[in-house]
K.L.:
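This structure is in structure tokens; I'll ask about it shortly.
Every chain is numbered from 1 and lettered A, B, ... according to where its sequence line falls, protein lines coming before strand lines. Quick note: numbers below take in every heavy atom, side chains included, and nothing from hydrogens, waters or symmetry partners.
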Amino acid sequence: MHRYRTHTCGELGKENIDQTVKISGWINSVRDHGGILFIDLRDHYGLTQIVIDPSQPFYKGVEHWRVESTVCFIGKVVSRIPEAVNSKLATGEIEVVAEEMELLGEAAVIPFQVAKDEECNETLRLEYRFLDLRRQSLHNNIILRSKVISRMRELMTGLGFMEIQTPILTNSSPEGARDYLVPSRVHPGKFYALPQAPQQFKQLLMTSGFDRYFQIAPCFRDEDARADRSPGEFYQLDMEMAFATQDDVFEVNEEVLYKLFTEFSDKQVDKPPFLRLPFLEAMEKYGSDKPDLRNPLIMQDATELFRDCDFKAFAGVVASGGVVKTIAAKGCAGKSRKFFDDMIKFAQSVGAKGLGYLRWIDGEVQSPIAKFLSDETLAQIKELGGVGDGDVMFFIADKLKGANEIGAAVRDELGQRLELIDPDVFKFCWIVDFPMYELDDEGKVEFSHNPFSMPQGGMKDIEEKAPLDILAFQYDIVCNGTELSSGAVRNHNPELMVKAFDIAGYDQSVVEAKFPALHRAFQYGAPPHAGIAPGVDRIVMLLADEPNIREVIAFPMNQRAQDLLMGAPGNVEHNQLRDLHLKLNLPKKAEKEETVEAE
RNA sequence: GGGGGUGUAGCUCAAUUGGUUAGAGCGCCAGCCUGUCACGCUGGAGGUUGCGAGUUCGAGUCUCGUCACUCUCGCCA
């Protein structure tokens, strides 16, 4: 007989009756009737009921049948009497009558309940993550994550992709987020950086003749957390394809994502090909480059209708170069005064000066602003929105950028409040045709996304078009308003690369200095190539229907990028610093803490 | 770095307008209980209301500061 078990806690059934078995697990719950004791024994696979008769010598030997202790039982599998069958349990037709017992690991009093589904302070959960991970919902999320990643590998390998590891200790990249740095002992004053993504390595693999690369790649970025962004590190299904076009990348990803989402969720999934939405159209209609297409509301431009109207607040915005955006919402004219007041408050909370609206009720327009608008204008507005009796149109007046941002937020809020968002579907779309360049706050031309993207018109466009009019073969994949990834057809032509950087104000020496590997590699016959890297954590988050990314990561850091279980980041010994040729220069506040800890 | 929210027993929460000794469920401890399955019943312990100041006859409640967590803006090629 095995040292710990002949069966798991999830597999015994009627067919095992009369067998003597050995099972080990955690005490999930104890029901002590004085004359008889029931224990639900739990492991990764399930629950099995153990019955202990008080005549057994170990019955009194155990002082506390404390939950979450690990125990091993030898006993006989017996059939439960019909009235005692538990249909909620896979093993509910049988129970194990204990004959021998061994305590494997006693549990102290636990800080929060494991067996019961009870909300709990997240700091405590992170400090006791090993307990939290025993709990069903988190445990299941990690199982799901494992299955999803395993399936990703199968699907990618099946499509002819090879998984290749790339370095974790690499060089700092000049673009993008702040890097995590690792000081070099051998080279005083020099640093490795953890990769923000294996971007340059995968492009080098393409120039090395590997046709299709993928990797479940760890990425490290020193940026602040969000609900859908874990600080420090995250994983991408990183991929790159040689001699490939944008359509080739779309085809692969549509197949992989469609299969993953249909296999691991019961929700209805968009069938490929997914909708392709040009960036400009997305901004016009949704005010966002990651629209939630479950929400049917769209924004329209009503700027011209307000240009010469008597409503000075709007006319003034238009006169100064701003826009008026409108969202038509069907059937909500009957909503309460509070609904509209709340919407105005909400709009103000996201930076709007106000939120105008027109309501059509019983053939009449009701609105604080209607009196400023002529009948003709009102008719034109009505036609623009395609609205009638019972409908409402909301209006946002601001500079274009502000109006889009506020409009996007109002659209989301209306979608939720009016319950327009179907929770049981996954809506995918590609955002395509991103501009290659944009203006930064100081009015300087800079790359709007990836500097390695291929401009759509090639050398001709780069030389002839105004920088802001140049589009890139740059794309995002969006699902239910979550950006899963950016990708691009890469610029594999070193001359074109130098030109593209030149427009953003970097001369050739900068390209050579900052991206020496790619610049050199592309001199020796680079294949045209393209790729993308969908976020693994976000995919699992959507599949698990979790609003928070930490619920799909086994050991996440908190918002301040601390691992509360391991105590990272932590102090190191002075000799470690000395080996690395480092001296600390701490801000005043941290210096105090350092002194206290040293004492 | 900025803004919002939260902070009361080990955990989840309650406590009227500022007013008696800050309560409940779960957990914990003791006892009872032979068919439960979130077992049940009886009793008990457990509190610097995050921390510090202020207003007041009186503060869990109001004000200011501070700390922590969280959501968010900045940031995320």
K.L.:
Look at A:Gln562 and B:C69 and indicate whether a side-chain polar atom (N or O) is within less than 4.0 Å of OP1 or OP2.
P.N.:
yes
K.L.:
Where the side chain of A:Gln474 meets the backbone of A:Gly487, is there a donor-acceptor pair that is under 3.5 Å apart?
P.N.:
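Yes, the answer is positive, given that a donor and an acceptor are paired below the 3.5 Å cut-off.
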K.L.:
When you measure from the side chain of A:Glu223 to the backbone N and O of A:Arg178, does any donor-acceptor pair fall under 3.5 Å?
P.N.:
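Present.
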K.L.:
Please check: side-chain N/O of A:Arg411 versus main-chain N/O of A:Asn295, any donor-acceptor pairing under 3.5 Å?
P.N.:
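Between the backbone of A:Asn295 and the side chain of A:Arg411 there is a qualifying donor-acceptor contact (under 3.5 Å).
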K.L.:
Between A:Arg178 and A:Arg560, who's closer to the 5' end of RNA chain B by nearest nucleotide?
P.N.:
A:Arg560
K.L.:
Spell out yes or no: do the side chain of A:Arg229 and the base of B:C75 have one donor N/O and one acceptor N/O closer than 3.5 Å?
P.N.:
yes
K.L.:
Measure CG/A:Asn548 against C1'/B:C69 and give the value in whole Å, please.
P.N.:
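Interatomic distance, CG of A:Asn548 to C1' of B:C69: 12 Å.
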K.L.:
Going by purine N1 to pyrimidine N3 plus the second Watson-Crick contact, or the G-U wobble pair, all under 3.5 Å, which nucleotide sits opposite B:C76?
P.N.:
none
K.L.:
If you compare every side-chain N and O of A:Arg550 against the phosphate oxygens of B:C71 (OP1, OP2), does one of them come in below 4.0 Å?
P.N.:
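Yes, such a contact exists.
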K.L.:
Measure from the side-chain N and O atoms of A:Asp43 to the backbone N and O of A:Gly46, and report whether any donor-acceptor pair falls under 3.5 Å.
P.N.:
yes
K.L.:
So for A:Asp224 and B:G74, does any side-chain atom that can act as donor or acceptor lie under 3.5 Å from a complementary atom in the base?
P.N.:
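Indeed, a donor on one side and an acceptor on the other fall under 3.5 Å apart.
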K.L.:
Can you check the A:Glu405 CD to B:U72 P distance for me, whole Å?
P.N.:
16 Å
K.L.:
Do side-chain atoms of A:Arg135 reach the backbone of A:Gln113 as a donor and acceptor pair under 3.5 angstrom?
P.N.:
yes
K.L.:
Taking atom P of B:C69 as reference, at what distance in whole Å does atom CE of A:Met557 sit?
P.N.:
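Between P of B:C69 and CE of A:Met557: 13 Å.
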K.L.:
Polar pairs (N or O, both sides) under 3.5 Å between protein and nucleotides 8-10 of chain B?
P.N.:
unit_1	atom_1	unit_2	atom_2	d
B:G10	O2'	A:Pro111	O	3.0

K.L.:
Please step through side-chain hydrogen bond (donor to acceptor under 3.5 Å, both in side chains) for the pair A:Tyr286 and A:Asp292, ending with a clear verdict.
P.N.:
CA-CA 9 Å; A:Tyr286 308 104; A:Asp292 186 346; over 6 Å; no
K.L.:
So what does A:Asp228 touch, heavy atoms closer than 4.0 Å: a base, only the sugar-phosphate, or nothing?
P.N.:
nothing
K.L.:
So if I apply the side chain to side chain contact (heavy atoms under 4.5 Å, CB included) rule between A:Leu542 and each of A:Leu484, A:Val552, A:Asp228, which one comes out positive?
P.N.:
A:Leu484
K.L.:
Please state how far atom CG in A:Asn121 lies from atom C1' in B:G27, giving the value in whole angstrom units.
P.N.:
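To the nearest whole Å, that distance equals 16 Å.
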K.L.:
How far does the P atom of B:A30 sit from the matching atom of B:C62, given to the nearest Å?
P.N.:
41 Å
K.L.:
Rounded to whole angstroms, how far apart are CG on A:Leu564 and C1' on B:U70?
P.N.:
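Taking CG of A:Leu564 and C1' of B:U70, I get 13 Å after rounding.
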K.L.:
Base, sugar-phosphate alone, or nothing: which one does A:Gln196 contact when heavy atoms must sit under 4.0 Å apart?
P.N.:
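Nothing, no heavy atom under 4.0 Å.
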K.L.:
Could you tell me the Watson-Crick or G-U partner of B:A24, where both distances fall under 3.5 Å? Say none if there is no partner.
P.N.:
B:U12
K.L.:
Using the P atom as the point on both nucleotides, what is the distance between B:C28 and B:A22, in whole Å?
P.N.:
26 Å
K.L.:
Nearest-nucleotide wise, let me know which of A:Thr123 and A:Ala227 is further upstream toward the 5' end of RNA chain B.
P.N.:
A:Thr123
K.L.:
If pairing requires Watson-Crick or G-U wobble contacts with both distances under 3.5 Å, which nucleotide is the partner of B:G40?
P.N.:
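Matched B:G40 with B:C32 under the 3.5 Å cut-off.
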K.L.:
Between B:U55 and B:G60, how far is it from one P atom to the other, in whole Å?
P.N.:
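Each nucleotide's P atom is 16 Å from the other's.
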K.L.:
Paired with B:U6: which nucleotide, if any, by Watson-Crick or G-U wobble criteria at under 3.5 Å for both distances?
P.N.:
B:A68
K.L.:
Take atom P in B:C69 and the same atom in B:U36, then report the distance between them in whole Å.
P.N.:
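Roughly 47 Å separates the two P atoms.
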K.L.:
Each nucleotide in nucleotides 32-44 of chain B should get exactly one letter: B, S or -. Can you fill that in based on protein heavy atoms under 4.0 Å?
P.N.:
-BSBBBBB-----
K.L.:
Could you tell me how far apart A:Glu483 (CD) and B:C75 (P) are, to the nearest whole angstrom?
P.N.:
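These atoms are roughly 15 Å apart.
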K.L.:
Base, sugar-phosphate, or nothing for A:Arg125, non-hydrogen atoms under 4.0 angstrom?
P.N.:
nothing
K.L.:
Pick base, sugar-phosphate or nothing for A:Glu119, based on heavy-atom distances below 4.0 Å to the nucleic acid.
P.N.:
sugar-phosphate
K.L.:
Determine whether A:Gln136 and A:Arg42 satisfy the following criterion, side-chain hydrogen bond (donor to acceptor under 3.5 Å, both in side chains), listing intermediate values before the conclusion.
P.N.:
CA-CA 11 Å; A:Gln136 200 170 40; A:Arg42 183 195 73 236; over 6 Å; no
K.L.:
Whether A:Arg125 and A:Glu551 form a salt bridge (side-chain N of Lys/Arg under 4.0 Å from carboxylate O of Asp/Glu) is what I want to check.
P.N.:
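Yes, A:Glu551 and A:Arg125 are salt-bridged.
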K.L.:
Are the side chains of A:Leu37 and A:Val30 in touch, meaning some heavy atoms are under 4.5 Å apart?
P.N.:
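A:Leu37 vs A:Val30: side chains touch.
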K.L.:
Taking only the C1' atom of each, what is the distance from B:G5 to B:U16 in whole angstrom?
P.N.:
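Those two atoms are separated by 23 Å.
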K.L.:
Between B:G46 and B:A24, how far apart are the C1' atoms? Round to whole Å, please.
P.N.:
14 Å
K.L.:
I need the CD-C1' distance between A:Glu546 and B:U70, as an integer number of Å.
P.N.:
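Roughly 16 Å, once rounded to whole Å.
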K.L.:
Mind checking whether A:Leu518 and A:Met497 have side chains closer than 4.5 Å, heavy atoms only?
P.N.:
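Side-chain contact under 4.5 Å: yes.
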K.L.:
What about A:Arg226, does its side chain sit under 3.5 Å from the base of B:G74 through a donor-acceptor pair?
P.N.:
yes
K.L.:
What interatomic distance, in whole Å, is found between P of B:C64 and the corresponding atom of B:G25?
P.N.:
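Between the two P atoms, the distance is 37 Å.
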K.L.:
Given atom CZ of A:Phe346 and atom P of B:U72, what is their separation to the nearest angstrom?
P.N.:
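One finds 13 Å between P of B:U72 and CZ of A:Phe346, rounded.
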K.L.:
In whole Å, what separates the P atom of B:A14 from that of B:G7?
P.N.:
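Pairwise P distance, B:A14 against B:G7, rounds to 8 Å.
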K.L.:
Given salt bridge (Lys or Arg N to Asp or Glu O under 4.0 Å), test A:Glu483 with A:Arg229 step by step and report yes or no.
P.N.:
CA-CA 11 Å; A:Glu483 182 194 316; A:Arg229 204 166 78 201; over 6 Å; no
